[in-house]
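Taking it in order: structure first as structure tokens, then the write-up.
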Amino acid sequence: MIDKPRGTRDFLPEQMEKRKRLEQRMRAVFECYGYEEVATPTIEHLDLFTLKSGEGIIEETYSFEDKAGRKLALRPELTAPVMRMYVASLQMEAKPLKLYYFGNCFRYDRPQKGRYREFWQFGCELIGTERPEGIAELIALAYEVLKESGLRHLILRIGNLDILRRFLDGIGARDAEIMRLIDKKDFDELRNRMAEKDFDEFMKFISIKNLDDIPYEEARDMKEMLSFLEELSVPYNIDLSIARGLDYYIGTVFEIDAPKLGAEKQLCGGGTYNLVPLLGGKKIPTSGFAIGFDRALVALEAEGYAFEESAKPVYVAPMQDMVSEALRVAKTLRKNGIKTDIDLMGRNMKKSLDYADRRGMNTVVIVAPDEWQKGNVVVKDMQKGEQHEVARGDLPSFLKKFHS
Ligand code: AMP
């Protein structure tokens with residue numbers, strides 16, 4: 001027997017049902033905010049990701065050479081592909097552009113609960129504006145997508161990299177390694193790397209909750225953005241320790257956590273970035289976020305969320321020699337938009353009813369010769385044990401009322 005690759009999952013019908021429902025809900029929120037869906041290939045040139053994230057990304061990327069010797073990678077995220085697509089095909093569009101995506105990503109991570117080697121991201125890119133109302137709407141969207149998915153406990157933290165960098169410049173402690181350590185929240189190592197006084201100042205700085213305590217003009221812009229967020233009724237916390245690692249992030253950065261989850265509690269990360277010139281496009285403000293779809297599902301399960309079950313099909317069970325007639329009944333029901341299943345095993349009536357019962361199908365249409373002669377079929381309610389003889393022509397409308 002061949003097992004699936006480490007860190008990947010099969011989704012059985014029951015899980016797929018949940019995933020589909022969550023996907024529909026999330027998709028609806030993006031569209032409600034005027035975003036349009038885009039899709040890009042699962043494989044890209046490896047360069048796209050090293051350009052965005054540096055050579056270090058290769059370690060955690062599934063990359064390979066194709067038969068012509070091209071270096072390709074399974075996408076580890078979707079911002080770079082969407083930006084590549086923007087530069088290639090959408091630069092002339094009226095702005096702002098609002099694009100969203102849902103797709104699988106691959107990372108050579110160490111698998112654990114909430115962390116997989118194949119996982120799905122929902123996300124979006126807002127291209128062409130960096131105005132505070134634009135950023136506020138973007139953050140509100142991220143929050144709403146998660147809230148509308150049914151999650152009750154969410155913590156939104158908002159920081160600002162211009163402010164953080166200015167502070168670090170001020171104490172002469174700004175470099176890529178420090179930013180990386182801040183991103184990882186490795187305070188022990190940060191203490192080692194900073195003078196004691198600077199470290200104390202840093203800890204004081206990242207605990208600031210009132211923007212009036214910050215003397216830089218960037219704090220005014222942040223305040224305006226936050227006032228719009230309040231207008232949109234989105235609860236937030238100020239967290240100036242958000243670093244998000246990479247250099248092209250500028251200005252606002254934000255993360256949303258599900259406090260119920262342990263180590264892998266971050267559901268969403270995003271912010272403003274300057275990526276388009278790196279990919280050969282004309283400079284333009286862009287911002288966006290990515291939501292970990294699988295993690296959102298884990299969080300919903302941890303909160304005990306009751307997923308709605310989808311309706312089971314009506315089951316058509318023919319008596320002997322009535323297969324053609326039964327197929328005709330099934331065809332009519334499906335034409336009428338009624339979810340219908342039919343015996344495909346030549347079972348006798350008792351076994352057919354047992355099967356319907358085991359599959360949880362409560363409404364069975366029995367196609368029997370005597371009733372058929374009279375132009376009728378029998379509708380059986382498995383739970384109540386009731387039976388009704390119904391004229392074939394009336395069956396779709398009868399079932400629409402009877403089978404819900
Ligand atoms: P990132 O692109 O690293 O900012 O990730 C965005 C979101 O994707 C994170 O907040 C997580 O919710 C989710 N995510 C990242 N890596 C994984 C993974 N290996 N497995 C599942 N979800 C992930």
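Because the structure is predicted, anything quoted here is derived from the model rather than measured. Just so it is clear, the values below take in all heavy atoms, side chains as well, and ignore hydrogens, waters and symmetry mates. Every number for a ligand or one of its atoms is a count from 1 in the order of the listing.
Looking only at distances, no side-chain donor or acceptor of Arg21 sits under 3.5 Å from a matching main-chain atom of Met16.
Proximity of the aromatic rings of Phe293 and Phe102 is defined here by a centroid distance below 6.0 angstrom, and this criterion is met. Note: Tyr108 and Tyr62 meet the aromatic proximity criterion, with ring centroids under 6.0 Å apart.
Not a single ring pair (Phe, Tyr, Trp, His ring centres under 6.0 Å) links Tyr116 to another residue, sequence neighbours left out. Under the side chain to side chain contact (heavy atoms under 4.5 Å, CB included) criterion, Tyr33 pairs with Val29, Tyr35, Glu137, Ala140, Leu141, Glu144, sequence neighbours left out.
Contact residues for ligand 1 (protein heavy atom closer than 4.0 angstrom to any ligand atom): Arg107, Asp109, Gly114, Arg115, Tyr116, Phe119, Gln121, Arg244, Gln266, Leu267, Cys268, Ala290, Gly292, Arg295.
Applying the salt bridge (charged side-chain N to carboxylate O under 4.0 Å, His left out) definition to pairs two or more places apart or across chains, those involving residues 24-35 are Glu23-Arg27, Arg27-Glu37.
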